[in-house]
Q: 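Shown below is the structure under consideration.
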2 protein chains.
Amino acid sequence: MSVTTLHRPAHRDALTHLDDAFQRGDLVTVFGRCTVEYDGRASSSLGPGDRLLLLKPDGSALVHTDEGRTPVNWQPPGCDHFASVRDGRLRVRSVRRSPEELLDVRFERVHHLAAYDVTDPDELDLQGSEADLKEHILATPSRIEPGFEPLATERETDAGPMDIFGEDDAGRPVVVELKRRRVGPDAVGQLRRYVDALEREFGSGREIRGVLVAPSVTDRAKSLLDEEGLEFVALDPTTGRPPADATDAG
Amino acid sequence: MSVTTLHRPAHRDALTHLDDAFQRGDLVTVFGRCTVEYDGRASSSLGPGDRLLLLKPDGSALVHTDEGRTPVNWQPPGCDHFASVRDGRLRVRSVRRSPEELLDVRFERVHHLAAYDVTDPDELDLQGSEADLKEHILATPSRIEPGFEPLATERETDAGPMDIFGEDDAGRPVVVELKRRRVGPDAVGQLRRYVDALEREFGSGREIRGVLVAPSVTDRAKSLLDEEGLEFVALDPTTGRPPADATDAG
DNA sequence: CCCTCGATCTCGGAT
DNA sequence: ATCCGAGGTCGAGGG
């Protein structure tokens with residue numbers, strides 16, 4: 001049976017059902033009036049209300065309200081779920097070690113409980129990531145500029161690995177930092193750290209170029225690039241070509 | 001009735017139930033064997049498998065598998081959900097404008113459908129945020145250093161608003177950047193941008209101090225701070241005091 | 001484990 | 001609408 005449910009169960013019956021579902025490795029949903037306490041990296045408290053609790057066999061827990069993509073409370077994968085009945089309430093605790101974190105959901109009333117036998121053989125295939133943009137550039141390096149030659153990807157520096165390291169038609173070293181979407185000041189700082197690291201590594205005489213590649217750039221980020229002597233090239237992550245609205249400066 | 005459900009419904013019945021639930025403003029879950037297509041900021045494809053679809057009355061949609069805190073596919077709040085039956089399959093589309101995004105879930109088989117009447121009056125009360133750390137410091141500025149005097153919070157600069165602006169016992173301007181958790185290189189770049197902006201603003205003669213406040217720092221971030229002539233103070237966001245394991249350098 | 005960074009990040013606040 | 005930064009971010013990949 002791929003789905004089993006209980007409507008308005010007594011807490012004892014909900015507990016039995018829940019423990020059986022955990023045993024089977026089902027994904028469980030519990031809907032009811034509850035309070036939620038969290039303590040760990042931060043701590044939070046949520047008064048009584050109707051919410052949907054999802055408990056996954058991988059140890060994740062999600063508390064969803066009627067609003068928001070983000071759960072109001074949660075526990076990441078790897079936790080242990082424990083159900084019990086205390087003070088006439090169904091209580092679900094989800095415990096994490098390292099960092100020590102506890103999620104405690106207490107149901108004053110369970111409206112509905114469902115256990116789903118989930119089997120998902122397929123892996124998500126996603127297009128338009130930064131990795132795709134990198135592939136486009138390696139396939140057609142001239143999109144950066146004529147004569148640009150990639151020499152390495154993920155090349156290590158004291159500031160961490162660069163997205164692409166290469167050289168221009170004059171043989172000057174070039175650091176390329178890729179972003180799949182419009183960039184702000186943080187991306188400029190990241191590029192700057194790589195360029196600084198290479199300047200230390202190559203010695204003070206050598207000029208290192210830094211190129212930020214993204215579909216577009218904010219005004220503040222553009223100013224920062226200019227101040228730092230860094231460059232910008234507008235490319236779309238899905239096509240690897242300049243975006244439709246791209247001027248030279250993006 | 002706060003919960004209505006259908007077990008292994010015919011697609012037509014599922015559709016009717018779904019439309020009624022949308023009308024009522026219920027939170028809906030659909031569990032079944034489905035494929036998922038997404039196209040928007042990126043695009044993705046997911047072959048047949050059993051998944052749980054959550055549709056919220058605020059327009060969010062979440063596709064959850066048996067693993068992960070993060071949904072395998074989703075749509076943020078503000079979307080419009082449309083259900084239909086095409087080619088003998090239940091199809092749920094969730095559409096967003098600006099950016100234009102589409103989530104398309106096609107059920108070959110619906111194992112279970114539930115509609116929940118969610119009412120949640122309570123707001124989450126969270127402790128241990130960066131805002132709490134700020135309050136601690138404003139209450140006891142000497143935690144930064146003896147003689148430190150806060151003058152403003154969120155004070156504007158060309159690089160955006162600083163967390164805390166103040167001066168030390170010698171009257172030197174101090175930029176304080178707060179983080180609730182262990183900091184890496186990005187936070188150093190952020191602090192640096194504020195210090196640079198103030199140096200331009202105050203003129204070249206004036207020395208501006210920059211202090212990063214967090215429970216701890218990574219090695220690389222510490223090196224960057226040292227190179228830039230910036231400082232670090234170890235404080236815990238929940239207590240406002242030095243963490244138990246804090247040495248001077250954190 | 002920790003570090004670093006990408007993400008359809010999400011979310012909120014300010015302009 | 002865009003910009004900017006916080007987040008219990010999550011998650012992956014590498015050391």
Side-chain angles (χ1 to χ4, degrees), chain A residues 38-44 60 62 67-78 96-103 124 126-134 154 156-157 159-163 177-187 190 193-194 216-221 237-238, chain B residues 38-44 60-63 67-79 96-103 124 126-131 133-134 154 156 159-163 177-187 189-190 193-194 216-221 237-238:
Chain A
Y38 156 73
D39 193 64
R41 287 166 292 175
S43 62
S44 72
S60 347
L62 312 171
E67 292 184 340
R69 211 227 46 154
T70 305
V72 64
N73 275 116
W74 69 90
Q75 206 67 294
R96 181 189 192 187
R97 326 280 182 201
S98 173
E100 190 80 23
E101 292 195 294
L102 174 65
L103 182 71
L124 186 74
L126 185 86
Q127 320 280 327
S129 64
E130 183 183 300
D132 294 317
L133 176 56
K134 184 193 295 181
E154 307 303 320
E156 273 299 333
T157 73
M162 297 171 282
D163 285 336
E177 172 62 30
L178 309 174
K179 294 293 171 196
R180 69 170 301 283
R181 61 173 196 173
R182 187 170 175 86
V183 289
D186 53 340
Q190 201 180 336
R193 291 199 298 276
Y194 298 138
S216 61
V217 65
T218 66
D219 287 348
R220 194 122 76 191
T238 52
Chain B
Y38 156 72
D39 193 64
R41 288 166 291 175
S43 62
S44 73
S60 347
L62 311 171
V63 181
E67 292 184 339
R69 210 226 48 153
T70 306
V72 63
N73 277 114
W74 69 88
Q75 204 69 292
C79 299
R96 182 189 192 188
R97 326 281 182 201
S98 173
E100 190 80 24
E101 293 195 293
L102 175 64
L103 182 70
L124 186 75
L126 185 83
Q127 320 279 328
S129 64
E130 183 182 299
L133 177 55
K134 184 192 294 182
E154 308 302 320
E156 273 299 334
M162 298 171 282
D163 286 336
E177 171 62 29
L178 308 174
K179 293 293 170 195
R180 67 171 303 282
R181 61 174 197 173
R182 186 171 176 84
V183 288
D186 53 339
Q190 200 181 336
R193 291 199 297 276
Y194 298 138
S216 60
V217 202
T218 68
D219 287 348
R220 194 121 75 189
T238 52

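Every chain is numbered from 1 and lettered A, B, ... according to where its sequence line falls, protein lines coming before strand lines.
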Q: What's the separation between atom CG in A:L133 and atom CZ in A:R181, rounded to the nearest 0.5 Å?
A: 14.5 Å
Q: When you match A:P185 and B:R97 each to their closest nucleotide on DNA chain D, which lands nearer the 5' end?
A: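 Going by which nucleotide is closer to the 5' end, it is B:R97.
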Q: Under 3.5 Å, is there an N or O donor on one side and an acceptor on the other linking the side chain of B:Q190 and the base of D:dG5?
A: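 No.
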Q: Search all heavy atoms of B:P237 against all heavy atoms of B:G128 and return the closest pair with its distance.
A: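 Shortest heavy-atom separation between B:P237 and B:G128 comes out as CB-O, 3.8 Å.
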Q: Remember a base hit wins even if backbone is also touched, and classify B:N73 as base, sugar-phosphate or nothing at under 4.0 Å, heavy atoms.
A: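 B:N73: base contact, heavy atoms under 4.0 Å.
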Q: Can you tell if the side chain of A:P76 reaches within under 4.5 Å of the side chain of A:R96, non-hydrogen atoms only?
A: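 Answer yes - side chains close enough.
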Q: What's the closest nucleotide to the A:T218 side chain, out of D:dC3, D:dA6, D:dG8?
A: D:dC3
Q: When you check the phosphate oxygens OP1 and OP2 of D:dA1, does a side-chain N or O of A:R182 lie under 4.0 Å from one of them?
A: no
Q: Could you tell me how far apart B:E177 (CD) and D:dG5 (C1') are, to the nearest whole angstrom?
A: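 Taking CD of B:E177 and C1' of D:dG5, I get 9 Å after rounding.
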Q: Quick one: is B:S98 getting a side-chain N or O under 4.0 Å of the D:dA1 phosphate, OP1 or OP2?
A: yes
Q: Assess, by modelled atom type and distance only, whether the side chains of B:R182 and B:S216 contain a donor and an acceptor separated by less than 3.5 Å.
A: yes
Q: From CD of A:E101 over to C1' of D:dG8, roughly how many Å is that when rounded to an integer?
A: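 So the CD-C1' distance, A:E101 to D:dG8, works out to 6 Å.
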Q: Rounded to whole angstrom, note down the C1' distance from C:dA14 over to D:dG8.
A: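 Taking atom C1' in both C:dA14 and D:dG8, they lie 25 Å apart.
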Q: Can you measure A:Q75 atom CD to D:dG11 atom C1' for me and round it to whole angstrom units?
A: 16 Å
Q: Under the 3.5 Å rule, do the base of D:dG5 and the side chain of A:D186 count as making a donor-acceptor pair?
A: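 Answer is no: no donor-acceptor pair is held.
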Q: Rounded to whole angstrom, note down the P distance from D:dG11 over to C:dC11.
A: 15 Å
Q: Report the distance from atom CG of A:D186 to atom CG of B:D186, rounding to the nearest 0.5 Å.
A: 8.5 Å
Q: Under a 3.5 Å limit for both distances, which nucleotide forms a Watson-Crick or G-U wobble pair with C:dC11, could you say?
A: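 D:dG5 - that is the nucleotide pairing with C:dC11, both distances being under 3.5 Å.
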Q: How long is the span from the OG atom in A:S60 to the CZ atom in B:R69, to the nearest 0.5 Å?
A: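 Taking OG in A:S60 and CZ in B:R69, the distance rounds to 9.5 Å.
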Q: Tell me what B:A221 touches on the nucleic acid: a base, only sugar-phosphate, or nothing, going by heavy atoms under 4.0 Å.
A: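 No contact.
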Q: Whole Å only: how far is the NZ atom of B:K134 from the C1' atom of D:dA6?
A: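 The answer, rounded to whole Å, is 11 Å.
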Q: So what does B:A187 hit on the nucleic acid, given a heavy-atom distance under 4.0 Å: a base, only sugar-phosphate, or nothing?
A: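 Touches nothing.
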Q: Reading DNA chain D from 5' onward, which residue's closest nucleotide shows up sooner: B:R181 or A:V183?
A: A:V183
Q: Is a donor from one side chain sitting under 3.5 angstrom from an acceptor on the other, for B:E101 and B:Y38?
A: yes
Q: Could you tell me whether A:G68 contacts a base, only the sugar-phosphate backbone, or nothing, with contacts defined as non-hydrogen atoms closer than 4.0 Å?
A: sugar-phosphate
Q: Is a donor on one side and an acceptor on the other found under 3.5 Å between the side chain of A:Y194 and the backbone of A:P161?
A: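 Looks like yes, one N/O pair under 3.5 Å.
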Q: D:dG7 and C:dA7: how far apart are their P atoms, nearest whole angstrom?
A: 22 Å
Q: Rounded to the nearest Å, what distance is computed from the CZ atom of residue B:R69 to the C1' atom of nucleotide D:dG11?
A: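 Distance check: B:R69 CZ to D:dG11 C1' gives 11 Å.
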Q: What is the distance, rounded to the nearest whole Å, between atom CG of B:L126 and atom P of D:dA6?
A: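 From B:L126 CG to D:dA6 P: 15 Å.
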Q: Measure the spacing between CZ of B:R41 and OG of B:S43 and express it to the nearest 0.5 Å.
A: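 These two atoms lie 12.5 Å from each other.
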Q: Reckon A:P77 touches a base, only the sugar-phosphate, or nothing at all at heavy-atom distances under 4.0 Å?
A: sugar-phosphate
Q: Measuring only the P atom in each nucleotide, how far is C:dT4 from C:dT8? A whole number of Å is fine.
A: 23 Å
Q: Of all heavy-atom pairs between B:R180 and B:E130, which one has the smallest distance, and what is that distance?
A: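 Closest pair (atom of B:R180, atom of B:E130, distance): CB-N, 4.0 Å.
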Q: First contact, last contact: which nucleotides of DNA chain C are these for chain B, 5' to 3', heavy-atom distance under 4.0 Å?
A: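 Footprint of chain B along DNA chain C, 5' to 3': C:dC3 to C:dC11.
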Q: Atom CG of B:L102 and atom CD of B:Q75: how far apart are they, to the nearest 0.5 Å?
A: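 Rounded to the nearest 0.5 Å, the CG-CD separation comes to 7.0 Å.
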Q: CD of B:E67 versus P of D:dG11: gap in Å, rounded?
A: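 One finds 10 Å between P of D:dG11 and CD of B:E67, rounded.
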Q: For nucleotides 12-15 of chain D, print each protein N/O atom paired with a nucleotide N/O atom at under 3.5 Å, atom names and distance only.
A:
none

Q: Could A:R193 and A:E177 be called an ion pair, given the rule that one side-chain N must be under 4.0 Å from one carboxylate O?
A: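 Looking at A:E177 together with A:R193, the answer is no, because their closest N to O distance does not fall below 4.0 Å.
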Q: Check this one for me: any side-chain N or O of B:R193 less than 4.0 Å away from OP1 or OP2 of D:dC4?
A: no
Q: Start at the 5' end of DNA chain C and walk down; is the nucleotide closest to A:Y194 or to B:P76 reached first?
A: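 The residue mapped nearer the 5' terminus is A:Y194.
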Q: Give the rounded distance in Å between these two atoms: CG of B:L62 and C1' of D:dC10.
A: 15 Å
Q: Base, sugar-phosphate or nothing for A:S129? Non-hydrogen atoms, less than 4.0 Å.
A: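 Counting heavy atoms under 4.0 Å across all strands, the contact made by A:S129 is with sugar-phosphate only.
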